[in-house]
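Have a look at the structure below before the remarks.
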Amino acid sequence: MPFIPHTEEDVREMLAAIGAPDIDALFDEIPATLRCGKLKQLPQAMSEMEVAGLMSARAHQDGAPVCFIGAGAYDHHIPAAVWQLASRGEFYTAYTPYQAEASQGTLQVLYEFQSMMAALTGMDLSNTSLYDGATALAEAVLMAVRANRKSKSRRVLMPRTVHPAYRRVVQTIVGKQGIELVELPFDPAGGHTDPAVLAAFDGQDIAALVIPQPNYFGVLEEVDALTDWAHTNRALAIAVVNPVALAVLNPPGEWGQQGADICCGEGQPLGAPLSSGGPYFGFMCCRQKLVRQMPGRIVGCTRDLDGKVGYTLTLQAREQHIRRSKATSNICTNQGLMATAATIHMALLGSEGLERVAAACHANTRSLVQRLGTIAGVAPLFHRPVFHEQVLRLPISADGVLDQLSELDLLGGLDLSRDYPELGDAILVCATEKRTEPEMDDFQQKLQMILTC
Amino acid sequence: MSDVLDELRYCSTHEWVSSVDKGVVSIGITDHAQDQLGDLVFVELPEVGQVFEAEGECAVVESVKAASDIYSPVSGEVVEVNEALMDSPELVNDDPYGDGWLFKIRITDETELDNLLDADGYREVADA
Amino acid sequence: MLIYQQSRRGRRAAAQAPLQQGDLSGIPETFRRKQRADLPQVSEMQTVRHYTRLSQQNFSIDTQFYPLGSCTMKYNPRGCNTLAMLPNLLARHPEAPADHSQGFMACLYELQEMLKEVTGMQAVSLSPAAGAQGEFAGVAMIRAYHEARGDAARTEILVPDAAHGTNPASAVMCGYTVREIPSGPDGDVDVEALRKVVGPQTAGIMLTNPSTLGVFDRRIEEIASLVHEAGGLLYYDGANLNAILGKVRPGDMGCDVIHVNLHKTFSTPHGGGGPGAGPVGVSKRLQPYLPVPMVAQSEGQYRWLTEGDCPESIGRLSAFAGNAGILLRAYIYACMLGGEGMERVAEYSTLNANYMLKRLMDAGFDAAYPERRATHEFILTLHKQAKQLGVNTMDFAKRLLDYGFHAPTTYFPLLVPECLLIEPTETESREELDGFIEALCSIKQEAEENPELVKGAPYNLPVKRLDDVRAARELDLVWKSDKNT
């Protein structure tokens, strides 16, 4: 029997020990009327070999197009060691480290993870992960509203330059608790949130301001001015950042006069494959004084009976298994293995390696934009500096162009018309460090061909 | 056997209240309560000036494996909180009726004290 | 030793990053980082050795029996991992167009269909990233349903006192207040108590059946009709689905909405804390509210159902489509089990649990519900040992680690004092169960003869018992290079 080791003799003797005539008798407390028959709609069992054939065919069917889409998920090189180590059974098949003494491996990795994330973001501390960047932002909004005792309004300012899917997720998750998300428009020339738009909210009761860096368009925001406005207006500043970008960009802990209060984001660029959108991991860092409002698991360093250093889950009284309806969040299972991979990824690259990755992405995207910009009717839409993504205007409808590129086995960017109809025929493109000169030349030629047809 | 002091009044939710001194009472948790919770690691205190109804949630005491809400035994305004607990929550374990007090309230209605348990009444609760 | 303590200025794993330093001149100085982040500076071999050694300080399913109650720590087939990590599957961008996604979407669509069949629900969305997010989605759908009917008076969710902490926490995140329902002395929900509190303010009840008390609630139909008659809905927490797979279907019990923990019942790895996946299934009346995205099929073509297709959806729960890689692992597992294999899951996990319970009771341990049949898990209470010998459940748990077994769940559910919640799963052999039973018996004897020995455990692990009071009082959450070592 697949994955069941029992022999007929085992079953016989075990039933005898229990004093039951057969296995079915073990279900005698379930009302007979509820028992279902055979599960007829399920397929017949397949052998591993048969499933391997099926999955190979399916994977082959989807192909391996060259990817110039970013939009929240980035095609970075992942060192071979990352997943060879993270896939070790001792990491892969353990669970939440409830028994600390038997989980020092996972616990120490997570302590190192917290340390690295705090260093990268310039914040005081970090939790051990949330589901993804979007849910991390939702949790950050909830946390800010809880923590900001000076504010009674439950109003949070959300720039339209934040990833549209993130904004939808935040609405889904926080909307049921009477939190109002107020959208901030973006500057049509710069593609950024002009700090001047905040003047309309001067003196109003605002719980928090969300500040993306870079924003969804790849554009760099005026993070210092935005952070300072938040603090002047007794709002908390929530940073949403790309962790690879932080290798070269000013970290949220140093934004403005006082730094951001909470920093969150999508951890995928740190060692998680694109993998159709998940599993990734959300990260969250904050100021020391907010630690008790932080959702999710946190690992602390302590000592054992002999005074030896060891690690354990701590501050658990914030969490649902103790605090129940008054917990900081309902999260239980998180994305621990992805955080493990990220820790190994960051250790291997170090800050210099990450900086090289970030710089290569930035340079590649500029180079791509320059190439595509030679095509008539194709040009950057916003004039402000970007990290590793850029919005390009096309002379004709974007979806048709992208479909044709896809047929040529090239994913040429994301059509922005669905989420930003006001931008017209515009696409968001990204060239990570993995994209080569020939691939970019190829993109240019294919796009030119399509547009001149 | 945990200590129950004769001169205090008690709630069945394990808070104690001192006798009134110039309109103000001190409030803490009982020896029995701290014993049940184990080593406290954090105490979340109300802010001075906050006003509570009797039985209103006003503080939280946390141990490693539990968090327990503290209910105000009487109505009134918080006039002082025990700042020492911020750095030394273990005071509640070491001296629940002394240095481990939580906060002081200017009591609105002294007759509310009559609704509370006396020492014998609380001993029955604690032993149950 | 931390990776940071092995760091040396100027050392790095140079092959891992681009060899050329890219041009950053497009980013003005004002936006630039002034000082590099303090990440470790180590070689590739140091990194590999460090994390290999750390892995060896873990207990895991691959190395130990791991009977953590309510967590279903069954074997995670290697084939599921290998096949879910085929290069094209890992490289697929979440925004890849449909013509480059048909193979992937076929897997998801078929998984949706399989989950519908095993749960008896009308429709399934795979998007929740974990059980707790599935709960959130489920309660949000209940809320959307009442709101759509203009029924604003329903403000309360009922939760039995044995429930996982995620249940009340999820209900509160959906804006509900929580009312707890006590369990009766036999472990079933106290129906009389329920009858008293159910009413026009009841939005629904969240029920785990079998419950975390390791028993099947025999009065489930009565509970369902009580809540339904009052206009409330029935939420089924699938945390313990392993116990009833192929035997009873939540849809047949009258449940309106359920979630399934794929990292439990469908054997996807737990990863040291996650990722998991918590798909939700619903009855017909809740179908319009399912979270997006989902996969639809017509004429052999698969396409995404998103906000535009599902205007009444509660919305999106993650930026893309949830934990896709986990969904693929569950799909592959389901393919290898087939219908018959799924029925065997409940049969053999229940056989294992009842066998252990009987043998442990014979050995003098106290069951929390000795009159009841165990489901796929059961509870022992060490109340007697704690009181008479001063050796508590935590001491037993720590001593089990010395014997090479991961401890069962301790001190949960909260209403059974000094409890051990033991879930062997179907993938453990009889010899493994016998070894664990013998270890528990030996510890019991040790507790009687030399309680200090048990109270000092563990002795054979990388660290002795850790001071978690110190961890919480003197918070040390990040390494700082200037900190004294």
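Any value given below was found using the heavy atoms of this structure, including those in side chains, with hydrogens, waters and symmetry copies removed. First the proteins, then the strands, lettered A, B, ... as listed; each starts at 1.
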Self-check item: Lys/Arg-Asp/Glu bridge criterion (N-O < 4.0 Å) met for C:R12, A:E352
Solution: yes
Quiz prompt | Side-chain H-bond candidate by donor/acceptor type, A:S103 with C:N58, under 3.5 Å | solution = no
Quiz prompt | Close side-chain approach of C:P94 to A:S276, heavy-atom, < 4.5 Å | solution = no
Quiz item: Does a side chain donor of either A:E112 or C:Y51 reach within less than 3.5 Å of an acceptor in the other side chain?
Solution: yes
Quiz item: Which atoms of A:V357 come close to chain C, meaning under 4.5 Å heavy atom to heavy atom: side chain ones, backbone ones, both, or neither?
Solution: both
Quiz item: Is there side-chain contact between A:L34 and C:R249, with heavy atoms separated by less than 4.5 Å?
Solution: no
Exercise. List the steps, then state whether side chain to side chain contact (heavy atoms under 4.5 Å, CB included) holds for A:Q108 with C:I3.
Key: CA-CA 10 Å; A:Q108 187 179 323; C:I3 190 84; over 6 Å; no
Quiz item: Counting N and O atoms only, with roles assigned by atom type, does the side chain of A:R58 sit under 3.5 Å from a partner on the main chain of C:F104, one being a donor and the other an acceptor?
Solution: no
Quiz item: Taking atom types as modelled, is there a side-chain donor on C:D23 or A:H362 under 3.5 Å from an acceptor on the other?
Solution: no
Quiz item: What heavy-atom pair brings C:A140 and A:K176 nearest, and what distance separates the two atoms?
Solution: CB-CE, 3.7 Å
Quiz prompt | Heavy-atom check, side chain of C:R33 versus side chain of A:E254, under 4.5 Å | solution = no
Quiz item: Considering only heavy atoms, which portion of C:V178 lies under 4.5 Å from any heavy atom of chain A: side chain, backbone, both, or neither?
Solution: side chain
Exercise. Check whether the side chains of C:N88 and A:Q61 place a donor and an acceptor atom closer than 3.5 Å, and report yes or no.
Key: no
Quiz item: Does the side chain of C:Y348 come within less than 4.5 Å of A:V11's, by heavy atoms?
Solution: yes
Exercise. Please tell me if the side chains of A:T172 and C:L317 come closer than 4.5 Å, counting only heavy atoms from C-beta onward.
Key: yes
Quiz item: Can you tell me if C:K116 and A:Q41 form a side-chain donor-acceptor pair at under 3.5 Å?
Solution: no
Quiz prompt | C:L475, part contacting chain A, at a heavy-atom distance under 4.5 Å | solution = side chain
Quiz item: Using non-hydrogen atoms only, which part of A:L411 is less than 4.5 Å away from chain C: side chain, backbone, both, or neither?
Solution: side chain
Exercise. Could you tell me whether the side chains of C:N81 and A:Y92 share a donor-acceptor contact shorter than 3.5 Å?
Key: yes
Self-check item: Side chains of C:S55 and A:R88, donor plus acceptor under 3.5 Å
Solution: yes
Quiz item: How far does OG1 of A:T314 sit from CG of C:D476, to the nearest 0.5 angstrom?
Solution: 10.0 Å
Quiz item: Just checking, is any N or O donor in the side chain of C:H100 or A:S406 under 3.5 Å from an acceptor N or O on the other one?
Solution: yes
Exercise. Provide the closest heavy-atom pair for A:Q335 versus C:A129 in the form atom of the first, atom of the second, distance.
Key: OE1-O, 4.3 Å
Quiz item: Just how far is it from atom OG1 of A:T93 to atom OH of C:Y75, taken to the nearest 0.5 Å?
Solution: 9.5 Å
Exercise. Could you tell me how the ring of A:Y95 sits relative to the ring of C:H263: parallel (under 30°), tilted (30 to 60°) or perpendicular (over 60°)?
Key: tilted
